[in-house]
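Comments concern the structure below.
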Amino acid sequence: MNTPRQELEARVAAAVHRLFSPAPPAPYVRPCPDLRHGDFQTNAALVLAKEAKANPRDLAAKLAAALALADLADQPDIAGPGFLNFRLKPAYLAQQISLRATDSRLGLPAVANPETFVIDYSSPNIAKEMHVGHLRSSVLGDALARLYRFLGHTVITDNHIGDWGTGFGMILFGYKRDGDPEKLRQDPFGHLESIYRRVQEEAKADESIREAAKRELVLLQQGDAANLELWNRFLKYSLEALDTIYRRLGVKFDHTLGESFYNDALPGVVADLLKLGLARESEGAVAIFSDGKLPPKDDPFLVSRDGKYDDNPLLVRKSDGGYNYATTDLATIRYRHDHFHAKRVLYIVDGRQQMHFRQLFAAARRWGYGAMDLEHVWFGAILGADKKPIKTREGGDVKLKALLAEAEERAGKIIAEKRPELPEAERAALGRVVGLGALKYADLAQNRNLDYVFSWEKLLAFDGNTAPYVQNAYVRIRSLFRKAGLEQAPVAEVALTEPAELALAAKLLDFADSVHLAASEYRPHYLCLYLFELATLFHKFYEACPVLTAAAPVRDSRLVLCDLTARTLRLGLDLLGIEVVEQM
RNA sequence: GCUCCCAUAGCUUAACGGAUAAAGCAACGGUCUUCUAAACCGUAGAGUGUUGGUUCGAUUCCAACUGGGAGCGCCA
């Protein structure tokens with residue numbers, strides 16, 4: 001099933017094909033930025049005229065004459081320098097609405113050639129409680145996983161947790177000295193983090209503590225039974241605590257293969273890199289250097305200093321024999337290739353690590369994994385009101401747990417004001433869905449590359465482009481159906497006459513375009529924008545067009561429109577990881 | 001020093017090389033005896049950091065510059 005845009009594009013392509021024997025690159029049809037001009041436009045004539053050195057308006061006229069689209073749109077206008085503007089016919093809109101009214105995928109068929117994606121997101125450290133910095137990765141990654149899954153791809157989600165590394169030496173040392181098994185069980189993050197902080201503080205001043213921590217780490221890495229047992233306990237309790245948070249967030253993973261999972265593979269990775277000549281020893285460490293095949297400007301293994309290029313190697317083994325996270329990342333790439341047969345891997349990681357990923361991906365290509373498409377889907381920082389990385393008043397990280405609690409509580413308070421008659425338990429349930437939805441949506445609704453200034457006012461502002469606004473449109477429709485005593489829309493002829501009906505119908509048909517756009521660019525904010533516009537058009541329709549009080553044929557037609565709107569809003573929000581409620 | 005990212009109404013943002021740059025918030029003024037006012041309608045508000053270039057056409061591409069942020073061998 002094509003969207004109107006896809007259908008018009010196919011018709012334009014066919015016409016272009018008839019007019020030009022070597023068919024030029026596919027022309028495109030896009031929505032008119034200004035609806036006064038029409039619903040869709042193509043600039044195909046402008047592009048073709050440039051190629052053929054012809055008059056664009058003449059070409060546009062020829063193209064218009066060659067188009068066969070009487071069943072879906074009026075004969076196009078030729079406008080400006082040679083645009084063709086299309087206006088869809090109400091009968092076509094109505095027919096397309098009817099087709100989607102009985103389609104559970106709302107007019108978006110699954111892809112014909114599914115690919116296997118691995119999506120890597122969230123990735124907290126198990127010795128530290130999750131904080132606000134993990135929110136974007138978790139929420140974005142989850143939304144992208146849902147989007148690609150819905151499109152019909154095979155999606156494997158993997159939480160690459162930090163469960164190994166130098167920090168654990170300090171934790172082991174500190175835990176042995178003043179750990180408390182009961183506290184560990186009850187609040188693993190709180191306990192481990194306070195231990196970690198204390199030892200880190202002491203180690204700054206005391207060389208012997210630094211040494212002791214290092215010895216614990218070496219013991220752990222050598223497989224010492226006592227340290228391994230402790231580490232396993234840290235892992236077990238931390239994973240349980242993480243689970244609680246993820247359940248609350250509504251974020252899921254197929255796998256949680258942390259750094260420790262790749263431990264045993266690391267020596268082999270380095271040996272392989274050395275054998276292949278990709279890496280060599282340098283100052284006691286092992287590193288990957290430039291192979292000179294790229295222009296120095298584009299070579300991630302070179303950096304320009306004072307006018308000449310210096311090495312900027314990627315370290316894969318430290319001079320003390322330990323491994324870097326680059327090594328783990330390379331082992332992970334190999335595993336995802338060999339074991340998951342991934343065609344594409346998305347890393348949902350903040351933008352500060354761009355250099356690391358450029359080096360990592362270049363190293364992976366040279367290592368022979370060039371057929372796999374590796375993408376760093378990066379996002380901006382979360383800043384406080386002072387535009388500096390966000391901290392609590394005490395200077396610590398803002399805990400995710402506290403954040404979720406506050407979102408739910410604040411939403412609950414607003415609901416209590418608006419709906420005092422609801423029972424307490426119901427209000428709490430609504431607060432959870434609305435608060436969490438607002439929190440996630442605020443993050444998803446803006447371009448991920450921008451820094452994000454955190455503020456409660458903004459997060460829980462329930463006006464404008466927010467989750468509650470969109471959820472509310474859904475609630476209004478459900479309320480109509482409750483009032484009508486109907487579970488779903490009647491099977492009815494769809495007839496569209498009012499401007500508000502036509503605008504709503506046209507927007508409903510664009511759903512698949514927005515999903516494709518959001519997925520292909522890894523930018524869920526396109527879908528948010530679509531849902532906001534859809535909700536706005538629904539509210540306008542609701543204002544202008546009575547539903548239940550209209551005469552029978554109009555009433556049923558409008559109920560079909562309402563039902564499709566509700567299902568589109570629900571599915572769209574679901575693809576973002578946001579729930580709906582039946583009333584609010 | 002080098003590399004990367006960002007710069008659009010008072011604020012937060014949108015714009016998939018196209019037409020008179022689009023929304024929300026805040027401001028101001030309206031609409032609840034009519035399917036839930038977490039709604040709707042209206043007014044005012046920018047020419048996209050600067051200077052060039054490519055193009056029939058640039059917020060979008062290229063170059064230089066300015067301002068802000070981040071990163072640059074044994075942390076992840």
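In this text the structure is predicted, and so the values were computed from the model without any measurement. Because only heavy atoms are used, hydrogens play no part in the values below, and waters and symmetry mates are left out as well, while side chains stay in. Proteins come first, then strands; the chains are lettered A, B, ... in the order of their sequence lines, and each starts at number 1.
In this entry the base of B/C32 is syn relative to its sugar, with a glycosidic angle within 90° of 0. The glycosidic torsion of B/G52 lies more than 90° away from 0, placing the base in the anti range.
With both ends at atom P, the span from B/A15 to B/A7 equals 11 Å, rounded to whole Å. B/A63 and B/C56 have their C1' atoms separated by 23 Å, given to the nearest Å. Across B/U43 and B/G24, the matching P atoms stand 12 Å from one another, rounded to whole Å. When the P atom is compared between B/A58 and B/C16, the two are found 15 Å apart, to the nearest whole Å. Distance check on atom C1': B/G30 versus B/C6 gives 40 Å, rounded to whole Å. When the P atom is used for both B/G57 and B/A9, the distance is 26 Å, rounded to whole Å. Comparing the same atom, P, in B/C41 and in B/A23 gives a spacing of 11 Å after rounding to whole Å.
Contacts of A/Asp451 with the nucleic acid, taken as non-hydrogen atoms under 4.0 Å apart, involve only primed sugar atoms and P, OP1 or OP2. When heavy atoms are screened at a 4.0 angstrom cut-off, A/Ala287 is found touching no nucleic acid atom at all. At the heavy-atom level, A/Pro31 lies under 4.0 Å from base atoms of the strands shown. Note on A/Leu46: a base of the nucleic acid sits closer than 4.0 angstrom, heavy atoms only. Within 4.0 Å (heavy atoms only), A/Tyr542 reaches at least one base atom of the nucleic acid. If you check every strand for non-hydrogen atoms under 4.0 Å, A/Lys50 touches a base. Within the nucleic acid shown, A/Asn447 comes within 4.0 Å of sugar-phosphate atoms alone, with no base atom in reach, counting heavy atoms only. In this structure, A/Gln41 reaches the bases: a heavy-atom distance under 4.0 Å links it to at least one base atom across the strands shown. Note on A/Ser282: a base of the nucleic acid sits closer than 4.0 angstrom, heavy atoms only. A/Val475 comes within 4.0 angstrom of a nucleotide base, judged by non-hydrogen atoms across all strands. Using a 4.0 Å heavy-atom distance criterion, A/Asn43 is classed as a base contact. Among the atoms of the strands shown, base atoms are found under 4.0 Å from some heavy atom of A/Phe462. As judged by a 4.0 angstrom heavy-atom cut-off over every strand, A/Cys545 is placed among the base-contacting residues. Residue contacts shown for A/Asn55 are absent, as no nucleic acid heavy atom lies under 4.0 Å away.
Seen from the ring of A/Phe538, A/Arg476 does not count as a face-on cation partner, given the 6.0 Å and 45° thresholds.
To the nearest 0.5 angstrom, A/His356 atom NE2 is 8.0 Å from A/Tyr347 atom OH.
Judged by distance alone, the side chain of A/Asn85 and the main-chain N or O of A/Gln41 form no donor-acceptor pair under 3.5 Å. Checking side-chain atoms of A/Thr536 against main-chain N and O of A/Phe532 turns up a donor-acceptor pair under 3.5 Å. Side-chain atoms of A/Arg210 come within 3.5 Å of backbone atoms of A/Ala203 as a donor-acceptor pair (strictly under, hydrogens ignored). When atom types are taken as modelled, the side chain of A/Arg558 and the backbone of A/Pro546 share a donor-acceptor pair closer than 3.5 angstrom. Looking at A/Asp299, its side chain does come within 3.5 Å of a backbone N or O of A/Phe301 through a donor-acceptor pair.
A salt bridge links A/Arg478 with A/Glu582: at least one charged nitrogen is closer than 4.0 Å to a carboxylate oxygen. The residues A/Lys413 and A/Glu417 are annotated as not salt-bridged, no charged nitrogen and carboxylate oxygen being separated by less than 4.0 angstrom. Look at A/Arg419 and A/Glu426 and you find no salt bridge, because none of the NZ, NE, NH1 or NH2 atoms lies under 4.0 Å from a carboxylate O. Between A/Asp397 and A/Lys128, at least one side-chain nitrogen of the basic residue sits less than 4.0 Å from a carboxylate oxygen of the acidic one, meeting the salt-bridge criterion.
For RNA chain B, the residues of residues 513-531 of chain A within the heavy-atom distance limit of 4.0 Å (strictly under) are A/His525, A/Tyr526, A/Leu529, sorted by number.
For A/Pro33 and A/Asp320, each mapped to the nucleotide of RNA chain B holding its nearest heavy atom, the one lying further toward the 5' end belongs to A/Pro33. For A/Asn449 and A/Pro468, each mapped to the nucleotide of RNA chain B holding its nearest heavy atom, the one lying further toward the 5' end belongs to A/Asn449.
Protein chain A contacts RNA chain B from B/G1 to B/A76, reading 5' to 3' and using non-hydrogen atoms of the protein with a distance under 4.0 Å.
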Query - Stepwise side-chain contact (heavy atoms from CB on, under 4.5 Å) test for A/Leu257 and A/Tyr262 - result: CA-CA 8 Å; A/Leu257 303 178; A/Tyr262 298 97; 4.0 Å; yes

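At a threshold of 4.5 Å between non-hydrogen side-chain atoms, the residues A/Pro4 and A/Phe86 do not count as touching. No side-chain heavy atom of A/Phe40 sits less than 4.5 Å from a side-chain heavy atom of A/Arg30.
Consecutive Watson-Crick or G-U pairing (both distances under 3.5 Å) extending over three or more pairs maps onto RNA chain B as B:1-7 with B:66-72, B:10-13 with B:22-25, B:27-31 with B:39-43, B:49-53 with B:61-65.
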